[in-house]
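Input: a single structure, listed below in structure tokens.
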Amino acid sequence: MKKRILAIETSCDETALSLVEAHGNLSAPKFKILKSVVASQIKVHRPFGGVVPNLAKREHLKNLPILFNKLIPKSQKLKAIDMIAVTVGPGLEPALWAGITFAKDLSKKIVIPLVGANHLEGHLYSFLLAKRAKSQKLKAKQLFPAVALIVSGGHTILLEMDSLAKYKKLGETRDDAAGEAFDKVARLLKLPYPGGPEVEKLARKGNPHAIAFPRPMLDQKNYDFSFSGLKTAVLYYLRDKKLFVDSRQFAISHRLKADVAASFEEAVIDVLVKKTMRAARDTKAKSILLSGGVAANRALRNRLQKEAKKLGIQFFVPDFKYNTDNAVMIAVAAYINFLLGKKYRLIARGDMNL
Ligand code: KG4
Ligand code: ZN
């Protein structure tokens, strides 16, 4: 049975809407992206060096009706939609409420059922949007058990997946998320927000082996991560070298700045990849699924892909546009939960997890 889903995502600093046609059962769900729109708030938050929750809410409230009219022009009929899905968590609560309230009003007005979606499940299931997942029939036997790594601005989670319905957390970060570490190091290097893509750009010009930053928790026999010490190591390195004069001055050559970025990136990737590969070997995984904003990092994608190939297992990562926050992944998560009969309450839950 086909389901046309209108999905809404406002958990952080992207207002995103999508219209997705989903069909198929849990062993072979298929998605046709009819339209996807995203309004980024980068310019609004950039002067503050990070996301300001109430500004995010204000921007979502402003952007939602504009994006809705873009997604579904007035001439188009709304009757063709079967379900509205909205992110209920995790994220910034004022931002989440903006989306939930908009979705509730819409669902009442056009009399279409509304369901809540978990942002992290959106990332987790986004591998279903990978080109390779579309071009080949996703045969469960070849895919599961899988190891999934979600790396975003708020989360770093490693999971074991036995099927789309059954997954278990293996480990997660004990402090900063990987994306958060990228953003914090970007700030130390006086790079603009959001820091991840900026650090990556700079890292391409540097030597990843120039500075031996620590690989936190790499030798521990668990699947947890810790990135706050790594960020501090970068801070101390800059201070010790008298490169970080004070908060206003910054006496660092472009060359060294690139080496710091590259060496930091290498340390993060080393930990993420080695722990993920260990989990894959331990669980006898048949595939590795990478998702979340940090999955947009080319060096991480390439390393993980190479390691998966070495181990003779499959690797899935969605297109770049579906790594960072978007509403297509929310439609995907809503459809999987519809098939599973799993429901979320329509209230904002900032600390929701998997
Ligand atoms: O999934 P996402 O868009 O939002 C959350 O759910 O948090 O992830 C955003 C995070 C930010 O920390 C951002 O700096 C990071 O993903 N990020 C990157 C890259 N692109 C985005 N980190 C490293 N390299 C990138 N290319
Ligand atoms: Zn996200």
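The basis for the numbers below is simple: all heavy atoms, side chains too, and nothing from hydrogens, waters or symmetry mates. Start at 1 and go down the list; that is how both ligands and their atoms are numbered.
Ligand 1 places these atoms under 4.0 Å from at least one heavy atom of A296: 20 (N), 26 (N). Counting the atoms of ligand 1 from 1 in the order shown, those under 4.0 Å from a heavy atom of G154 are 7 (O). Listed by number with element, the atoms of ligand 1 under 4.0 angstrom from any heavy atom of G179 are 12 (O). Residue-ligand proximity, E200 to ligand 1, at heavy-atom distances under 4.0 Å covers atoms 25 (C), 26 (N). The atoms of ligand 1 that sit less than 4.0 Å from any heavy atom of T324 are 3 (O).
In terms of protein heavy-atom proximity, atom 2 (P) of ligand 1 is closest to D325 OD1, 3.2 Å. Remark: minimum distance from atom 9 (C) of ligand 1 to any protein heavy atom is reached at G153 N, 3.7 Å.
Ligand 1 lies within reach of P197, whose nearest heavy atom is under 4.0 Å from it.
The nearest N/O/S atom of D325 to the Zn ion (ligand 2) is OD1. Minimum-distance N/O/S atom of H123 relative to the Zn ion (ligand 2): NE2.
Counting heavy-atom neighbours within 6.0 Å of Y236 OH, excluding the residue itself, gives a total of 12 or less. Open room surrounds NZ on K70; 12 or fewer heavy atoms of other groups in view lie less than 6.0 Å from it. More than 12 heavy-atom neighbours from other residues, nucleotides or ligands sit within 6.0 angstrom of NZ on K342.
No chain of hydrophobic side-chain contacts below 4.5 Å, direct or via other Ile, Leu, Val, Met, Phe, Trp or Tyr residues, connects F213 to L218.
For ligand 1, the polar-atom distance check finds no N/O of F182 at less than 3.5 Å from any of the ligand's N/O atoms. At under 3.5 Å, a nitrogen or oxygen of G196, whether backbone or side chain, sits near a nitrogen or oxygen of ligand 1. Below 3.5 Å of separation, one finds an N or O of G293 facing an N or O of ligand 1.
The part of H119 lying near ligand 1 is the side chain, judged by heavy-atom distances below 4.0 Å. The proximity of H123 to ligand 1, defined as any non-hydrogen pair under 4.0 Å, is limited to the side chain. Contacts of D183 with ligand 1, taken as heavy-atom pairs under 4.0 Å, involve the side chain alone.
In this structure, a donor-acceptor pair under 3.5 Å is absent between the side chains of D176 and S228. With 3.5 Å as the limit, one finds no donor-acceptor pair spanning the side chains of H155 and E172.
Counting heavy atoms from C-beta on, the side chains of P90 and D351 never come closer than 4.5 Å.
For the atom pair CG of L202 and CG of L189, the computed distance is 7.0 Å after rounding to the nearest 0.5 Å. The line from CD of Q142 to NZ of K286 is 8.5 Å long, rounded to the nearest 0.5 Å.
Ring geometry, F225 versus F227: the interplanar angle falls under 30°, so the pair is classed parallel (tilted spans 30 to 60°).
In the candidate list N297, N326, V151, N323, N297 is nearest to atom 24 (N) of ligand 1, counting heavy atoms.
Using a cut-off of 2.8 Å, one finds that H119 contributes an N/O/S atom close to the Zn ion (ligand 2).
Aromatic rings of F264 and F182 (six-membered ring for Trp) have centroids within the 6.0 Å cut-off, being under it.
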